[in-house]
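Quick notes on the structure that follows.
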Amino acid sequence: MNCQNCKTITEGGYSLCETCELRFAGTLLRLARDVTPLHDSLDATLHPGGHSPTRIQTATPPTPIRLDVLDLIDMLDATARELWRCLDGIDALDWRKDKRNEDLKATLIACAGHPRLATFADAGFYMHVVDGIARKVDAALDPPEQRREIGTCELCETMLTAGAADQWVTCPVCGREQRAQTVKLRRLKTLCWDDSERGSAADISKAFAVSGLKVSRKTITTWEQRGKLPRHADGYAYCDVYRLLIGPDLTKSVR
């Protein structure tokens, strides 16, 4: 606990101030609200996206459930039950007095409204634990935008990463700010100008897509089947795919 307004009490815990008590109760209520979408997100065919997930088609059969979300629900459930026992002063081993509530959402709501929420010995510790679980739940329901490698810095050759919507990127080593699209095109240029750079149809399609050029894996394999694109032992040459991809545009420009 870093709050200067919370006071130490005799059992070695903390008596929460009014602000921390309200924050603790608010976090518990937010977790109660998230119980239903968290259970929904166990389905591995649902795309994580807050409280309105959408079903997606995956290339390979998905795991029946998301095990990371299952572990998170178990952690939340165990913490809520333990917090409820602490608030009511019940020994975890005394099952006769343990009024076990099987409804996780109801348990969280009951804990948030408990009169001893700010005054039991381990209030500060449990608030810290619950805050940590809440951050993990937020990440599971609304995952941060995935950042991927887009190319190297123009000055120091450090590999740079960016999200799909990022227009500018700053090098973490030299601090140079560069346009993300320029970095992507520079990387593609390096791949396409070197005849020794090879890759699978999927790798090439992905590399081109990052740079804003669309060519599907199926298109690349079709070019091979029609004899337009040679396939080497270590895959297709990036330069060969690039020539076929921009060929029609070059022809139009000449005319």
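We use all heavy atoms of the structure for the numbers below, so side chains are in, but hydrogens, waters and symmetry mates are not. Quick caveat: nothing in here was measured; it's all calculated off a predicted structure.
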Is the [atom1] atom of [X] crowded by more than 12 outside heavy atoms at less than 6.0 Å?
{"X": "Q167", "atom1": "CD", "answer": "no"}
{"X": "R116", "atom1": "CZ", "answer": "yes"}
{"X": "W168", "atom1": "CH2", "answer": "yes"}

Legend entry - Chi angles and distances behind the side chain to side chain contact (heavy atoms under 4.5 Å, CB included) call for T152, T190: CA-CA 11 Å; T152 57; T190 302; over 6 Å; no
Less than 4.5 Å apart, side chain to side chain, heavy atoms only: is that true for [X] and [Y]?
{"X": "D138", "Y": "D34", "value": "yes"}
{"X": "S41", "Y": "L141", "value": "yes"}
{"X": "L83", "Y": "L108", "value": "no"}

Measure across [X] and [Y] and return the closest heavy-atom pair with its distance rounded to 0.1 Å.
{"X": "R187", "Y": "I150", "value": "CD-O, 3.4 Å"}
{"X": "G199", "Y": "I204", "value": "O-CD1, 3.7 Å"}
{"X": "E21", "Y": "A118", "value": "CD-CB, 3.5 Å"}
{"X": "L245", "Y": "K214", "value": "CD1-O, 3.8 Å"}
{"X": "A80", "Y": "L104", "value": "CB-CD1, 3.7 Å"}
{"X": "A134", "Y": "L31", "value": "CA-CD2, 3.8 Å"}

Is it the case that one hydrophobic cluster holds both [X] and [Y], taking links as side-chain heavy atoms less than 4.5 Å apart, direct or via other members?
{"X": "L70", "Y": "M75", "value": "yes"}
{"X": "Y238", "Y": "L185", "value": "no"}
{"X": "W193", "Y": "V241", "value": "no"}
{"X": "L28", "Y": "F125", "value": "yes"}

Rounded distance [0.5 Å steps], [atom1] in [X] versus [atom2] in [Y]:
{"X": "H39", "Y": "I73", "atom1": "NE2", "atom2": "CD1", "result": "4.0 Å"}
{"X": "L191", "Y": "D194", "atom1": "CG", "atom2": "CG", "result": "8.5 Å"}
{"X": "C111", "Y": "R85", "atom1": "SG", "atom2": "CZ", "result": "10.5 Å"}
{"X": "K218", "Y": "S205", "atom1": "NZ", "atom2": "OG", "result": "13.0 Å"}
{"X": "I220", "Y": "R217", "atom1": "CD1", "atom2": "CZ", "result": "9.5 Å"}
{"X": "E82", "Y": "D122", "atom1": "CD", "atom2": "CG", "result": "9.0 Å"}

Inset, instruction - Check each of D240, D234, D203 against R198 using the salt bridge (Lys or Arg N to Asp or Glu O under 4.0 Å) test, and report the only one that passes. - result: D234
Inset, instruction - Among R23, R30, K136, find the residue that satisfies the salt bridge (Lys or Arg N to Asp or Glu O under 4.0 Å) test when tested with D131. - result: R23
Looking only at side-chain N and O atoms, does [Y] offer a donor or acceptor that is under 3.5 Å from a partner on [X]?
{"X": "T219", "Y": "T222", "answer": "no"}
{"X": "Q225", "Y": "R231", "answer": "no"}
{"X": "R176", "Y": "T170", "answer": "no"}

Inset, instruction - Quick one: do R66 and D68 satisfy salt bridge (Lys or Arg N to Asp or Glu O under 4.0 Å)? Show the steps, please. - result: CA-CA 6 Å; R66 291 177 60 194; D68 58 327; 3.4 Å; yes
Inset, instruction - Go through the steps to decide whether Q178 and R186 satisfy the test side-chain hydrogen bond (donor to acceptor under 3.5 Å, both in side chains), and finish with yes or no. - result: CA-CA 11 Å; Q178 303 163 67; R186 189 166 59 242; 3.0 Å; yes
Inset, instruction - Return the orientation label for the F208 and Y242 ring planes: parallel under 30°, perpendicular over 60°, tilted otherwise. - result: perpendicular
Inset, instruction - Please test V183 against V169 for side chain to side chain contact (heavy atoms under 4.5 Å, CB included), starting from the C-alpha separation and ending with a verdict. - result: CA-CA 9 Å; V183 177; V169 60; 4.3 Å; yes
Legend entry - H114 side chain to A110 backbone, donor-acceptor under 3.5 Å: no
Inset, instruction - Would you confirm whether T79, through its side chain, and L76, through its main-chain N or O, come within 3.5 Å as a donor-acceptor pair? - result: no
Legend entry - Co-members of the apolar cluster containing L29 [side chain, <4.5 Å]: I109
Legend entry - Test side chain to side chain contact (heavy atoms under 4.5 Å, CB included) applied to F120 and Y126, step by step: CA-CA 10 Å; F120 76 104; Y126 274 96; 3.7 Å; yes
Inset, instruction - Decide side chain to side chain contact (heavy atoms under 4.5 Å, CB included) for C171 and L160; before the verdict, give the C-alpha distance in whole Å, the side-chain angles of both, and the deciding distance to 0.1 Å. - result: CA-CA 7 Å; C171 178; L160 304 176; 3.9 Å; yes
